[in-house]
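Here the structure is laid out as structure tokens; the discussion comes afterwards.
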Amino acid sequence: MSEIAIHWFRQDLRLMDNPALAKAARAGALLPIYILDDETAGEAMMGGASRWWLHRALEDLNRQLGGNLRCYRGAAAEILPRLADRYGARTVSWTRCYEPWRVLRDTKISDALSKSGVETIRLNGSLLWEPWEVLKKDGEPYRVFTPFYRKGCLQADKPARPMTDRPEILPCEARSDDGAVALDALELISPIGWHETMEPHWDISEKGAHDALSTFLEEGLEGYKSGRDFPARRNVSRLSPYLHWGQISPNQVWYALDDEAAEDAPAVDVDHFRSEIAWREFSYNLLFHNPDLPSRSLQPKFEGFEWSDDVAALERWQRGMTGVPIIDAGMRELWQTGYMHNRVRMIVASFLVKNLRTDWRKGEEWFWDTLVDADLANNSASWQWVAGCGADAAPYFRIFNPVLQAEKFDPDGDYIRRYVPELAKLPGKYLAKPWEAPRAVLEEAGVALGKDYPLPVVDLKLSRIAALDAYQALS
Ligand code: FAD
């Protein structure tokens, strides 16, 4: 095999079930590469938590590739043609990405490569259905999830079955003068050391992804439909960062639900889990057909909404110091682990956008920086959903009451006690609303409000009424 093929890893950091990688490996001796292209990413540049995850994921990939992964830093549009030329590569492959800036860049790169006689292999490896495959009968994209899923996805061709063979990779001999840099030179890990608190919570590897899936199938899938709303329970998969980085494919997850490990789970749980996977597809569909989803409200009337510019309140939200325990627990879970449970994401987002009336894009920005699963499609679609300005969004009058939400979904207070330990000794009755606790109860629990734990940043009732008024004025 004398031909050389380059596989450009991006958000497909796995060897198994990677159709583009497999095809490139069959085409020739392989040069597996990663390019940190901050130059073209512009505003979509990765946040801190993502960069740390990426570093660890690349370490794992490099290990699996026998140390042959080559890293580069700079504009992919310059690096790829140069490498193809330097190595005399006839083929360059990659797994498609759907972020608008990547779509534009990749098209340009592909055009430039084909002009110089290099074939590009661009395949789907991160979605069950391409965004252009699931459309309404009139050819328009869906804007409402249920018909998207039921009439679109479930009536479309079945997703591709995952490939089960490990690709045979023959590494090509690397040149020392090809501009490659050491992984550390990508400077993905910030010297402030924030990642150290996140590190113990994750096994960032392809194997780690499959272990998370197996654990979920064995311990979490049964009872998923109802249990997924309770942040202290183990009914969610925590697969989101692995799916985002492509350390596992959605096809592997989808078809694992047919396997032995899942066969005892009630159909209602399996179906519900499938529909959540499809929410990810829906977000990608929305982003692909609405490239300004991350920056503009899908419902144009919201662009005129008067947001608050209370920076101090935003900072208290970011730090988990709002004085509202379920909000602070969620924001601290995020900071400490890089993850936040979905129910709590909805509660903290509603609180920011509605009670604090802060622009949803400020919340989106913070999540972008701090989530290990920060994903342009899921993050922007979800923020627009909570803010009520997106497609198929929550109606404006749905304003979560964080106290009732905590009492319902964290009934024993385990989640709040874990992340807000200064309130751990408060009796359950007051845990979600310490400001209502009598002085003696607070004293007994060793809590001085305003000193050990803040008073609420906002009055929940008044801020709810003010939000309803402001939203109503828009309609
Ligand atoms: P599970 O319940 O085990 O679900 C399995 C998979 O289905 C997830 O890994 C995810 O890929 C997909 N999924 C589940 N729920 C959703 C959903 N509501 N929307 C889209 N896909 C879903 N998810 C991200 O992956 N990245 C983000 O940046 C992100 N930002 C969000 C911001 C806000 C304000 C909100 C409310 C939600 C956001 N989500 C985001 C969606 C959701 O919260 C996470 O996907 C989910 O919590 C991940 O945990 P899990 O893997 O344990 O989920």
Side-chain angles (χ1 to χ4, degrees), residues 11 44 46-47 49-50 53 99 126-128 145 148-149 201-202 209 212-213 215-217 219-221 223-231 233-250 252-254 256-257 269-270 272-287 293-294 317 327 330-331 333-334 337-354 358 360-394 398 400 405:
Q11 285 167 188
M46 266 176 286
S50 296
W53 188 285
E99 291 81 3
S126 36
L127 290 178
L128 296 168
F145 174 73
F148 165 82
Y149 182 49
H201 299 277
W202 302 99
L213 175 61
T215 306
F216 172 69
L217 295 179
E219 297 170 16
L221 181 58
Y224 176 77
K225 186 170 192 262
S226 52
R228 65 181 283 274
D229 274 322
F230 293 77
R233 294 194 194 161
R234 296 172 58 89
N235 282 113
V236 289
S237 68
R238 295 171 73 93
L239 279 171
S240 47
Y242 300 106
L243 280 165
H244 170 76
W245 289 107
Q247 290 169 298
I248 195 165
S249 74
Q252 290 172 316
V253 177
W254 187 265
L257 297 167
D269 294 318
V270 174
H272 202 86
F273 186 66
R274 282 215 161 99
S275 76
E276 291 303 326
I277 299 287
W279 269 100
R280 176 174 178 271
E281 302 282 316
F282 184 53
S283 300
Y284 272 87
N285 202 287
L286 283 176
L287 178 65
L293 184 75
W317 178 83
I327 307 294
M331 299 310 292
E333 179 185 25
L334 174 60
T337 70
Y339 173 91
M340 192 195 301
H341 185 277
N342 178 62
R343 167 62 47 181
V344 191
R345 289 188 204 203
M346 292 196 290
I347 305 172
V348 302
S350 165
F351 183 79
L352 182 75
V353 173
K354 296 186 175 166
T358 301
W360 59 270
R361 284 157 283 223
K362 296 262 171 41
E364 182 194 29
E365 223 173 271
W366 184 252
F367 272 29
W368 182 253
D369 193 28
T370 52
L371 277 172
V372 288
D373 63 27
D375 181 280
L376 203 66
N378 272 354
N379 199 32
S380 42
S382 301
W383 275 97
Q384 291 225 23
W385 186 88
V386 176
C389 58
D392 194 10
R398 181 187 297 177
F400 283 126
Q405 288 284 314

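One-based numbering, in listed order, for ligands and for the atoms of each. The analysis underlying the following values was restricted to heavy atoms, covering all of them including side chains, and did not include hydrogens, waters or symmetry mates.
Counting the atoms of ligand 1 from 1 in the order shown, those under 4.0 Å from a heavy atom of F273 are 3 (O), 4 (O), 5 (C). Counting atoms of ligand 1 from 1 in the listed order, those under 4.0 Å from a heavy atom of L239 are 9 (O), 51 (O). Less than 4.0 angstrom separates some heavy atom of Y224 from each of these atoms of ligand 1: 1 (P), 2 (O), 4 (O). Ligand 1 places these atoms under 4.0 Å from at least one heavy atom of A374: 28 (O). Near R280, meaning under 4.0 Å from one of its heavy atoms, ligand 1 places the atoms 11 (O), 20 (C), 21 (N). Under a 4.0 Å criterion applied to the non-hydrogen atoms of L371, ligand 1 contributes the atoms 27 (C), 28 (O), 30 (N). Remark: ligand 1 atoms within the under-4.0 Å shell around heavy atoms of W279 are 17 (C), 19 (N), 20 (C), 21 (N). Ligand-side atoms of ligand 1 in range of L243: 9 (O), 11 (O), range being under 4.0 angstrom from any heavy atom.
Atom-to-atom distance recorded for E364:CD and L352:CG is 11.5 Å, nearest 0.5 angstrom. One finds the CZ atom of F400 at 5.0 Å from the CZ atom of R343 (value rounded to the nearest 0.5 Å). For the atom pair CG of L371 and NE2 of H244, the computed distance is 10.0 Å after rounding to the nearest 0.5 Å. To the nearest 0.5 Å, atoms OG (S275) and CZ (F145) are separated by 5.0 Å. The distance from atom CG of N379 to atom CD of E365, rounded to the nearest 0.5 Å, is 10.5 Å. Taken from OG in S126 to CZ in R280, the straight-line distance is 6.5 Å, to the nearest 0.5 Å.
The protein atom (non-hydrogen) at minimum distance from atom 30 (N) of ligand 1 is N379 OD1, 3.1 Å. Ranking the protein heavy atoms by distance from atom 42 (C) of ligand 1 puts N342 OD1, 3.4 Å first. The protein heavy atom nearest to atom 29 (C) of ligand 1 is R345 NH1, 3.3 Å. Given atom 20 (C) of ligand 1, the protein heavy atom at minimum distance is N378 OD1, 3.2 Å. Here the heavy atom of the protein found nearest to atom 6 (C) of ligand 1 is I277 CD1, 3.7 Å. Ranking protein heavy atoms by distance to atom 35 (C) of ligand 1, first place goes to S382 CB, 3.3 Å. In this structure, atom 52 (O) of ligand 1 lies nearest to the protein heavy atom R238 N, 2.7 Å.
When non-hydrogen atoms are compared, ligand 1 lies under 4.0 Å from neither the backbone nor the side chain of F216. At a heavy-atom cutoff of 4.0 Å, ligand 1 is contacted by no atom of F282, backbone or side chain. Counting heavy atoms under 4.0 Å from ligand 1, residue Y339 touches it through the side chain alone. Heavy atoms of W385 found under 4.0 angstrom from ligand 1: none, in either backbone or side chain.
Looking at I248, D373, V348 and measuring to atom 26 (N) of ligand 1, the nearest heavy atom belongs to D373. In this structure, of S240, S237, S50, the residue bringing a heavy atom nearest to atom 10 (C) of ligand 1 is S240. Closest heavy-atom approach to atom 14 (C) of ligand 1 within the set R228, E276, Q384, H272: this belongs to E276.
Considering both main-chain and side-chain atoms, W383 never comes within under 3.5 Å of ligand 1 through any nitrogen or oxygen pair.
Taking each heavy atom of S50 and M46 in turn, the nearest pair found is CB-CG, 3.9 Å. Scanning all heavy atoms of the two residues, the minimum distance from L286 to A381 falls at CD1-CB, 4.2 Å.
When atom types are taken as modelled, the side chain of D369 and the backbone of G47 share no donor-acceptor pair closer than 3.5 angstrom. With hydrogens and angles ignored, the 3.5 Å screen pairs no side-chain donor or acceptor of W360 with any backbone N or O of S382.
At a threshold of 4.5 Å between non-hydrogen side-chain atoms, the residues L287 and P294 count as touching.
Aromatic ring centres of W317 and F351 lie farther apart than the 6.0 Å criterion allows.
Taking the six-membered ring where the residue is Trp, Y224 and H272 present tilted rings, their angle falling between 30° and 60°.
For the pair R345 and Y339, the cation sits on the ring face: its NZ or CZ lies under 6.0 Å from the ring centre, inside 45° of the axis.
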